Amino acid sequence: MSDWAWGPRLDGGEACFRLWAPGQRSLRLRLDGRDHPMQAGEDGWFELTLPAQPGMNYGFVLESGLVVPDPAARRQAGDVHGLSRLVDPGFDWTCDWAGRPWAETVLMEIHVGTFTPEGTFRAAMERLPHLAETGITMIELMPVAQFAGRRGWGYDGVLLYAPHPDYGSPEDLKALIDAAHRLGISVVLDVVYNHFGPEGNYLGAYAPPFFDPDRHTPWGDAIAYHLPAVRRFFIDNALYWLTEFRFDGLRIDAADHIRDPESDPEVLVDLARTLRAAIPDRPIHLTTEDNRNITRLHERGPGGEVVLHTAEWNDDLHNVAHVLLTGETEGYYRDFVQDHWRKYARALAEGFAYQGEHSEHEGEPRGCPSGHLPPLCFVDFLQNHDQIGNRAFGERLTTLAIEGKLRAMMAILLLSPHVPLLFMGEEWGETRPFTFFTDFTGELADAVRNGRRHEFAHFSAFQGLDLDRTVPDPNALGTFEASRIDWEHRDSARGQSWLSFVRDLIATRQREIVPHLERAPGNGGRIVHVSDDLVAIDWQLDGAVLRLRANLDDREQRLPEAEGRVIHASPGAGPGGVLPPCSVLVTLQEPA
């Protein structure tokens, strides 16, 4: 048997069922239509071992008579309100996978439900060769844990161990990962450990201490990570995905809301230490999304090795790039209106643009110094699910920005020493939107719909408009269907032009830059020049200096000369210092 604290354990024709229910004096297990009293143990745990086989349905009967699913169910028999189902954890793996080093990473973020017309794990498998041919070395799946309804982004999951059934079975997900590994593609999973969704979460009915009554997140009740059973729920979950499914890592959603001030070590530290100790024989890549711009989770060891978390999503780079490309200045973009070119250059050279300066949007200082971290500590992107989907209409940059400038920034993204991330379809210049969609009903559907429209009421573009008619209804099926990427666009003349451009950039990155990244030091980025539309940055890597010169003006401009061998040049750009409009020059200077 495995040593999971939560969830069923199958072994030799028997299953051990466990549930932490400190709010209950007694508990019954309903298995295959029959009820069985469970044995009360220590610290609120109930347990029972019975003869059982994969495919049997089960649930827990509370003192009130309410039947609840297992919060650690590996699969559901139906929706989030019904019984859970026992699953055989075995799988016939075909790939002896040892993982890929982080330095080689070119990420593609994927939403399984809109990545293909079918929206399933099995359908996604058929598209993996395209990603491998493009040069993608890692795919990141948006959350797949089961949520209420049939469609959604996945950030409202309530059964965090069960793959969402509309995407396929646990076996289908394993098959997708196995197929990716055969093509040399790593797979990481976006996990949500900061809250549970608003529908289908029954933990409060039998384990009230699971939640902290004194704290709240923007999405619901905060979680009491300091309690051993609660902490074990999330650490077990991470181990489950990494071992049983062979994921190569995790992306921790909204880590700034995983607050654990009472514990030493805090849960995010404990999580990283536990995972690295438990899986020492292959690379495990842990990234965080954290609005605080902190570095303590990503500090390297004395030899430059990863100790806790591997990298941080660099929202600053996206935000300032978006302002430069679109001219938008409302919401959190207002922090990037003043001195935006210097902030862009700083994000490229040092990681964060805000390193302790006052944030107008937050109303307080934000961030800490980050230049001492090596470049592989930062995941950069021009687009992702959040910054596209949190717009009212889900527009991509291909419909918002001038193409010449967008291509120049794509070159900078893929040829900087930071880790680049693309959003599905971005490699062929996808123009279809990615909107916010859900599948709630009744009062919850009304609340989500009205809340979504209220979000945009204060934006200038929506003043005087009828928001009920203007902002898409998140619960409408058409909102979801409009978000599917268009594979036919890939084969159009424009799509092929973008795809060839991106493939060439990734190939250049892998051939020229990646060999110098594994041991690239901190404090290696230096702003050589920055002014309106002009950026010149040098990075000291491992055994080479990478030099970027970029002119995003609509006129020819002069920048400091770039020594070294030219590895990328926009048409007309040369090492002499004069760059044509919307052009990028990158050189690599290696020892003779």
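Keep in mind that what you see is a predicted model, and the values were worked out from it rather than measured.
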Checklist entry - Is any side-chain heavy atom of Pro198 closer than 4.5 Å to a side-chain heavy atom of Asp156? => result yes

Next on the checklist: Looking only at the side chains, is there a donor atom on one of Thr288 and Glu312 sitting less than 3.5 Å from an acceptor on the other?
Outcome noted: yes

Checklist entry - Salt bridge between Arg273 and Asp270, side-chain N to carboxylate O under 4.0 Å? => result no

Checklist entry - What orientation do Tyr155 and His385 show, parallel under 30°, tilted 30 to 60°, or perpendicular over 60°? => result parallel

Checklist entry - Can Phe440 and Phe147 be said to form a ring-ring contact (aromatic ring centres under 6.0 Å, His included), step by step? => result CA-CA 10 Å; Phe440 296 130; Phe147 50 85; 8.6 Å; no

Item to check | Side chains of Arg366 and His361 in contact at under 4.5 Å (non-hydrogen atoms) | outcome: no

Checklist entry - Does Val306 reach the side chain of Arg300, with side-chain heavy atoms less than 4.5 Å apart? => result yes

Next on the checklist: Under a 4.0 Å threshold between the charged nitrogen and the carboxylate oxygen, would Arg549 count as salt-bridged to Asp538?
Outcome noted: yes

Next on the checklist: Side chains of Lys405 and Asp533, heavy atoms from C-beta outward: is any pair under 4.5 Å?
Outcome noted: yes

Item to check | Parallel, tilted or perpendicular: rings of His418 and Phe378 (30°, 60°) | outcome: tilted

Checklist entry - Considering residues at least two apart in sequence or located in another chain, which fulfil the ring pair (Phe, Tyr, Trp, His ring centres under 6.0 Å) criterion with Trp539? => result none

Item to check | Pairwise side-chain contact, Trp102 with Thr287, heavy-atom cut-off 4.5 Å (strictly under) | outcome: yes

Item to check | Plane angle bin for Trp153 and Phe437 - parallel if under 30°, tilted between 30 and 60°, otherwise perpendicular | outcome: perpendicular

Checklist entry - So does Arg346 pair up with Glu357, basic N to acidic O under 4.0 Å? => result yes

Checklist entry - Under 4.0 Å between a Lys/Arg side-chain N and an Asp/Glu carboxylate O for Arg391 and Glu328? => result yes

Checklist entry - Thinking salt bridges, do Arg565 and Glu590 make one under a 4.0 Å N-O criterion? => result yes

Checklist outcome for this item: Paired with Glu266, the side chain to side chain donor-acceptor pair (under 3.5 Å) test is passed by just one of Arg296, His226, Arg259, namely Arg296

